[in-house]
Amino acid sequence: MRTPMICWAFLLLVLFGKACNGFYLPGSYMHTYSTGDEIFAKVNSLTSIETELPFSYYSLPYCQPHGGIKKSAENLGELLMGDQIDNSPYRFRMNVNESVYLCTTKPLSEHEVKLLKQRTRDLYQVNMILDNLPVMRYAKQNGIDIQWTGFPVGYTPPNSNDDYIINHLKFTVLVHEYEGSGVEVIGTGEEGMGMISESDKKKASGFEIVGFVVVPCSVKYDPEVMTKHHIYDNISLADCPSDLDKSQIIREQERISFTYVVEFVKSDIRWPSRWDAYLKMEGARVHWFSILNSLMVIFFLAGIVFVIFLRTVRRDLTRYEELDKEAQAQMNEELSGWKLVVGDVFREPDCPKLLCVMVGDGVQITGMAVVTIVFAAFGFMSPASRGMLLTGMILLYLFLGIAAGYAAVCMWTTIKGTSEGWRSISWSVASFFPGIVFVILTILNFILWGSHSTGAIPISLYFVLLALWFCISVPLTLLGGFIGTRAEAIQYPVRTNQIPREIPARKLPSWVLVLGAGTLPFGTLFIELFFILSSIWLGRFYYVFGFLLIVLLLLVIVCAEVSVVLTYMHLCVEDWRWWWKAFFASGSVSIFVFLYSINYLVFDLQSLSGPVSAILYLGYSLIMAIAIMLSTGTIGLLTSFYFVHYLFSSVKID
């Protein structure tokens, strides 16, 4: 957390210390090119919204670059997301429009044909990158222009059993002429931190790439003619054919020639705005509707809390405190409600160790989510830095182990009255949620390994994650637990009776109300949840972190209010077992999140095919639901604890 702040402070110092015009985009560094400079595109993993199993680009019989395939350096987030960025033979020369021949394959084998057909029918996309910009294509669907990143491996015409490969690409590269005089540029990204100095300004003048668009085609070539050419030869090419007879079919013994056309077009788009086309926010009104809907729920619950505090509680306390001791004793026999559980309300809950562990992990997850979303909302998680969001979340989670250990041990000390056993609590906190995630990911990883997908986590990465957990998270959690033993324990305002009070029988189990209470937090979350699931599973960019931050704050408020209201209602019917119910009153939102994920799978991901894809989807959804349960449950429990503590600290007891 400290490093980005130092970089930001350094940036401000430089910008205000120099009398110049400048601009800044976190996560990237501007490249300028002179006319004729060579730029090579890169290729990412092949992806599909049908299977969610990424595969290597070179698992298909595509042209390979001279010098062999070289993988780009990838961060932790990219590896976990299944990205595999390789070099490619696609060469561009700045401001040089040309039609280029790449290669002709050997006759396709039975295995290659089967693989190409399978990838085509599973709607796999080729993801190409130029100057850190993903390639984009435009298509019309029901008369509406739709933009996609990547282009298909091939296509299957309607009412046909034949498949055709995309072997000809028409690229349009948008460039903006950049004048280096009087401008300094600073960036942070894969290239590190850099600044264009006075001596480099002339060198920096040139052209910036601000757009990368493709029109994919299938063209049948005569392999005997095409093999006479060499790679990067300029050849005359026809337009994309509309007749299937002139398209390249996928079948055995076919030799496929790959070609491309590139056209450079000057654009008024400036370099800081080049991501706007990808991050174009649609459905802003829906986001605002979600926020207004959440505010209505908050005001409704706030009204109930207001009535509880200012009318019911204050009135009862005033009436109770005005009586003398004899009258209080007589009144206790006549009264019912929360005042009668004064000797049991702070009785130790069932499974106190598990409760403390879940609270500790909930504090860790909540802190990670808040800090990540705040940094993303302020622009520190640029989409140009692939995998940075996930990497940042993992590192934050590791370092927030100190907060998790502290919170869990403080809760344990408060419940037990002693810090004895804090090491066991700290170890359990460090292992509980990571252990669940590790088991689920291992099962999913075996499935990915069996499918030969690039989404499978390499063994080496497993050891890296274990090392990070054991060397950072565990020691910090133990340190937080040790600090928690030195913190002053919260003292209960009333004594607990030795014999528990009998809880009156009721018609309906109390858990029915507790689980139903999760619908209110879910009502503030479900609209934003749709956009998040779409970004994860449909390959769309999600960059409305400002809205997400507002929704997160509203969710925290709703969870706190729901738990307080439910806790008060249980105390009023003389049910003093409120600890777990306060946790699950807000934590039960995770059940509805998981059910909504299943609904999204059935109705919105209808194209998702095969049991493997469904298992992957449900596995990742389960991890998300467990994290939400721990986070929201912790918010509800801690708020209810302070509410109950305040409530009974106002009662005079001999």
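None of these values were measured; they are calculated from a predicted model.
- With hydrogens and angles ignored, the 3.5 Å screen pairs a side-chain donor or acceptor of S621 with a backbone N or O of Y617.
- Under the 4.0 Å criterion applied to side-chain N and carboxylate O atoms, D163 and K117 are assigned as salt-bridge partners.
- One distance of note links NE2 of H31 with CG of D37; it measures 12.0 Å at 0.5 Å rounding.
- Residue F264 comes nearest to V175 through the heavy atom pair CD2-CG1, 3.8 Å, listed as atom of the first residue, atom of the second, then distance.
- Taking 4.0 Å as the cut-off between side-chain N and carboxylate O, K220 and E254 count as a salt-bridged pair.
- Not a single donor-acceptor pair under 3.5 Å links the side chain of R251 to the backbone N or O of V113.
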Note to self: Applying side chain to side chain contact (heavy atoms under 4.5 Å, CB included) to I165 and I256, what does each step give before you reach the verdict?
What the structure shows: CA-CA 9 Å; I165 190 172; I256 301 171; 3.9 Å; yes

Notebook entry, point to check: What's the verdict on ring pair (Phe, Tyr, Trp, His ring centres under 6.0 Å) for Y57 and Y62, showing C-alpha distance, side-chain angles and the deciding distance?
Noted result: CA-CA 8 Å; Y57 173 81; Y62 285 125; 4.5 Å; yes

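- Exactly one of V214, V215, L169, V213 qualifies for a side chain to side chain contact (heavy atoms under 4.5 Å, CB included) with R137. That residue is V214.
- For the pair M128 and A41, the tightest heavy-atom approach, listed with the atom from each and the gap, is CG-CB, 3.9 Å.
- Each of I550, L548, L389 was compared with I373 under the side chain to side chain contact (heavy atoms under 4.5 Å, CB included) criterion, and only L548 meets it.
- Panel note: side chain N127, backbone S45; a donor-acceptor pair is recorded below 3.5 Å.
- The OG atom of S218 sits 5.0 Å away from the CG atom of N167 when rounded to the nearest 0.5 Å.
- Of the possible donor and acceptor atoms, none in the side chain of T149 sits under 3.5 Å from a partner among the backbone N and O of M136.
- Atoms OH and CZ, from Y155 and R121 in turn, are 13.5 Å apart once rounded to the nearest 0.5 Å.
- Under the 3.5 Å distance criterion, the side-chain polar atoms of D131 are left unmatched by any main-chain donor or acceptor of L133.
- Annotation: Y90 is not in aromatic contact with F40 [ring centroid separation under 6.0 Å not met].
- Going from atom OH of Y600 over to atom CZ of F603 covers 13.5 Å, rounded to the nearest 0.5 Å.
- Closest approach of Y232 and P89 over heavy atoms only: OH-O, 2.6 Å.
- D122 and T51 share no side-chain donor-acceptor pair at under 3.5 Å.
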Check: Y221 and T259: side-chain hydrogen bond (donor to acceptor under 3.5 Å, both in side chains), yes or no, with the steps?
Finding: CA-CA 10 Å; Y221 297 108; T259 57; 2.6 Å; yes

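- Surrounding OH of Y462 are more than 12 heavy atoms belonging to other residues, nucleotides or ligands, all under 6.0 Å away.
- Electrostatic pairing of E38 and R91 counts as a salt bridge here, judged by a charged N lying under 4.0 Å from a carboxylate O.
- Atom OG of S48 and atom CG of L53 lie 8.5 Å apart (nearest 0.5 Å).
- Atom CG of L444 is separated from atom CG of L622 by 9.5 Å, given to the nearest 0.5 angstrom.
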Note to self: Apply side chain to side chain contact (heavy atoms under 4.5 Å, CB included) to residues V219 and Q248 and explain how you reach the verdict.
What the structure shows: CA-CA 5 Å; V219 181; Q248 179 60 60; over 6 Å; no

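- The backbone N or O of G68 sits less than 3.5 Å from a side-chain atom of N87, completing a donor-acceptor pair.
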